[in-house]
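Here is the structure we will look at, set down as structure tokens.
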Amino acid sequence: MNICIKGGRVIDPANGRDGVQEVYISKGIIQGVGEAPKDFRAELTINASGSFVMPGFVDLNTNLREPGYEQKGTIKSETKAAVRAGYTTVCCSPNTQPVLDTPAVAQLIIDKAELAGYAKVLPLGALTVGLEGKALSEAYALKKAGCIALCQTPNNMTSQVLRGALQYATTHDLLVILKPEDMSIKDGGCVHAGVISSKLGLPGIPTSAETVAIAQIIEIAEETGARVHLTGISSAKSVAMLARAQFDKLTITADVHAHHLHLTEYDVGTFDANYHTSPPLRSQADKDALIEGVAKGIIDVSSGHQPHEVEAKQAPFPSTEPGISSLETVLPLMLELVDDGLISLTQVVERLALSPSKILGIESGSLSEKVAANIVIIDPEAQWTVNDENWQSNGVNTPFWGQQMTGMVTHTLVNGRLVFEK
Amino acid sequence: MNSSKQTASTSFKAPDSSSLQLNDQGRLRHFLTTENLSKDILTEIMDVAESFSSVADQAVKKVPVLRGKTIVNLFFEDSTRTRTTFELAAKRLSADVINLNIATSATSKGESILDTIRNLEAMHADMFVVRHGDSGAAHFIARHVAPHVSVINAGDGRHAHPTQAMLDMFSIRREKKEFKGLKVAIIGDILHSRVARSQIHALNTLGVQEVRVIAPSTLLPSDTKSLGVQVHGDLRSGLDGVDVIIMLRLQRERMGGALLPSEHEYFECFGLTAEKLAYAKPDVTVMHPGPINRGVEMDADVADGKHSIILQQVTNGIAIRMAVMTLALGANRASDSS
């Protein structure tokens with residue numbers, strides 16, 4: 001179908017664009033921006049005046065929950081939530097049941113995602129068999145089956161296995177996505193080791209549980225030359241360590257979950273399990289440093305999407321499952337930072353779309369001509385309340401439930417196909 | 001597009017402790033923590049306990065205050081001592097008492113806490129006395145019980161043990177008459193202690209001059225000072241001039257791992273002996289929630305000596321629990337009739 005997106009403000013840092021321009025799409029490909037291709041006749045014209053037109057977002061680590069945890073979410077429900085949130089591509093975590101450590105599971109996920117027809121799903125293969133942290137999984141077979149990268153969460157490997165896994169990944173030029181977490185220091189903790197853990201008597205997770213893991217990974221990545229992406233960092237110290245590693249020209253990148261740019265340990269309040277996250281929400285100083293890290297381009301932003309069934313949060317705080325159903329609040333939370341003057345709109349696109357695409361090595365994150373039309377249109381003024389009416393994910397486990405958000409996706413195109421329209 | 005201008009609702013935001021614990025008239029409805037409770041309420045608990053402490057001296061050790069009420073001791077963690085004092089308190093108030101040891105029953109078969117609560121409510125329970133290994137368990141249950149049910153926290157994880165703290169306050173008041181000007185030292189495993197957290201809040205609210213905690217750094221929370229205490233790593237300096245010493249129980253499993261090297265070394269540094277006691281005021285009061293590890297936390301001659309009020313604490317515990325049960329069920333009746 002020939003589509004013309006008309007009158008919107010095109011924000012496309014890959015091509016240095018920021019201004020009102022038309023976008024012309026046909027056969028799923030962007031045929032032109034600004035100037036109409038010869039003989040272009042639109043079959044569908046989307047009026048985007050007053051809206052932003054951006055490359056679709058790319059999420060580096062989303063939990064789709066299927067197969068195995070369909071009570072929390074399905075490939076269909078969560079990819080539908082993704083396109084509603086402006087994501088055109090999501091990488092799905094291997095912690096399914098069975099674990100995504102074989103080509104068969106990868107194929108199942110790819111097939112189901114295609115059948116659902118919403119966001120593109122790029123499977124992340126398990127770095128170790130069963131995610132048990134002991135034996136390397138068949139990385140080459142997983143790559144052939146369509147896995148974009150390998151992933152291991154939690155970090156339950158010995159240093160020796162981690163080193164071997166990173167080294168082996170270089171053989172097949174595979175990116176490795178890791179959650180930096182030293183499990184022995186974490187030791188059953190469920191909130192940041194700070195004021196709130198002291199007050200509520202909740203087992204704390206010291207910052208060193210993250211920084212020790214990052215230090216270990218940086219050293220091994222440098223020695224092996226592996227490409228590593230750290231997902232979900234939470235502390236000021238972590239940002240500083242990454243800045244240093246990048247200064248040293250290491251191929252190491254990282255992301256922060258969008259809600260960590262807004263919430264702190266104090267939000268846990270009196271045992272509110274909706275604020276039970278992994279990594280934990282830390283101090284105000286950590287939050288400020290994470291925002292600065294995003295503004296400086298040291299770290300990107302991921303959703304950290306973890307949908308849960310209601311029962312998963314209905315227990316005493318330490319026994320609840322960590323995580324936020326977060327895909328659908330990422331954009332308004334980022335726009336709030338723009339509104340506060342902390343980051344620019346261009347940076348929103350860079351951190352949510354362009355940079356994640358580069359990390360994955362995929363042709364996405366831009367509105368370049370002749371690339372697949374993965375596009376999101378946003379009404380920056382639209383106000384909406386986080387409630388059943390405006391929610392797509394199976395998981396309603398969000399601390400933002402009931403709150404008003406500003407900024408809403410009105411259209412999402414995946415490969416030139418309109419998969420979401422408000 | 002949804003253009004409703006609804007303001008941010010906080011429906012999913014958990015209420016804070018004080019709004020959860022008090023009814024519309026500001027009366028104690030649940031007793032979950034000493035934090036955020038006013039001096040008046042803490043004083044009222046002690047005053048009511050004082051009026052009940054003569055009950056034990058009567059030939060018939062019963063008053064008909066809670067006749068017809070059903071109190072369920074809901075223990076997700078074993079504790080014979082605490083459960084017994086709650087049971088005795090309830091029986092002295094003429095309530096019907098059911099003891100449920102969940103550690104060995106329903107939830108181990110996969111039943112959720114909420115299912116257990118719903119079932120007991122259907123049996124017309126009026127009060128749950130809850131002990132659980134998770135911090136926040138009593139808050140969680142209080143948020144989900146029916147409006148006519150009161151919840152008393154009998155210890156949740158490392159968070160709070162408010163009746164233990166209040167019996168300690170009651171014991172201090174009986175010894176020292178008032179809290180003003182007192183220097184109190186709490187010694188031992190602060191990190192894992194729900195008792196210490198509840199004591200610190202209560203002592204500060206009741207207006208003592210100074211609360212000190214004395215412990216090795218591995219047994220302190222990450223941000224101890226934010227609790228409103230002074231931190232001492234040395235027993236002698238910590239005890240200097242104190243009026244009250246509260247010893248904490250040290251679990252044996254803390255030894256020999258990454259927290260403490262040995263009982264011997266712990267006693268050497270933090271064990272209370274007659275020699276170290278001399279640093280405190282001459283009329284110092286020594287307390288311990290029991291059971292005591294003699295020779296680890298304190299010397300036998302200190303535990304049994306003239307400064308010790310350890311056994312009075314146990315007696316006072318029953319009066320305090322009678323007081324809390326009476327006030328909480330009374331506040332619930334008050335909100336029913338309003």
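Note on naming: letters A, B, ... go to the chains in the order of the sequence lines (proteins, then strands), and numbering restarts at 1 for each one. Hydrogens, waters and symmetry mates play no part in the numbers below; they use all other heavy atoms, side chains included.
- The shortest distance between side-chain heavy atoms of B:Ser135 and A:Leu200 does not fall below 4.5 Å.
- Expressed to the nearest 0.5 Å, how far OG1 of A:Thr270 lies from CD of B:Glu35 amounts to 7.0 Å.
- Of the listed residues (B:Asp223, B:Leu191, B:Asp156, B:Leu114), the one with the most heavy-atom contacts under 4.5 Å to chain A is B:Asp223.
- Nearest heavy-atom pair across B:Ser226 and A:Val195 is OG-CG1, 3.9 Å.
- Under the 30°/60° scheme for interplanar angles, the aromatic rings of A:Phe271 and B:His159 are found to stand perpendicular.
- The greatest number of non-hydrogen atom pairs below 4.5 Å with chain B, out of A:Cys190, A:Ser319, A:Ala273, is found for A:Ser319.
- Residue contact with chain A, scored on non-hydrogen atoms closer than 4.5 Å, is absent for B:His192.
- The CD1 atom of B:Ile200 sits 13.0 Å away from atom NZ of A:Lys199, with the distance rounded to the nearest 0.5 Å.
- Contacts of residues 201-216 of chain A with chain B at a heavy-atom distance below 4.5 Å involve A:Gly201, A:Leu202, A:Pro203, listed in sequence order.
- Other residues, nucleotides and ligands contribute more than 12 heavy atoms inside 6.0 Å of the NZ atom of A:Lys313.
- Residues of residues 279-289 of chain A lying under 4.5 angstrom from chain B, judged on non-hydrogen atoms, do not exist here.
- In this structure, B:Ser112 and A:Glu311 have side chains that are not in contact, with every pair of non-hydrogen atoms separated by 4.5 Å or more.
- At distances below 3.5 Å, at least one donor-acceptor pair connects side-chain atoms of B:Arg197 with backbone N or O atoms of A:Ser198.
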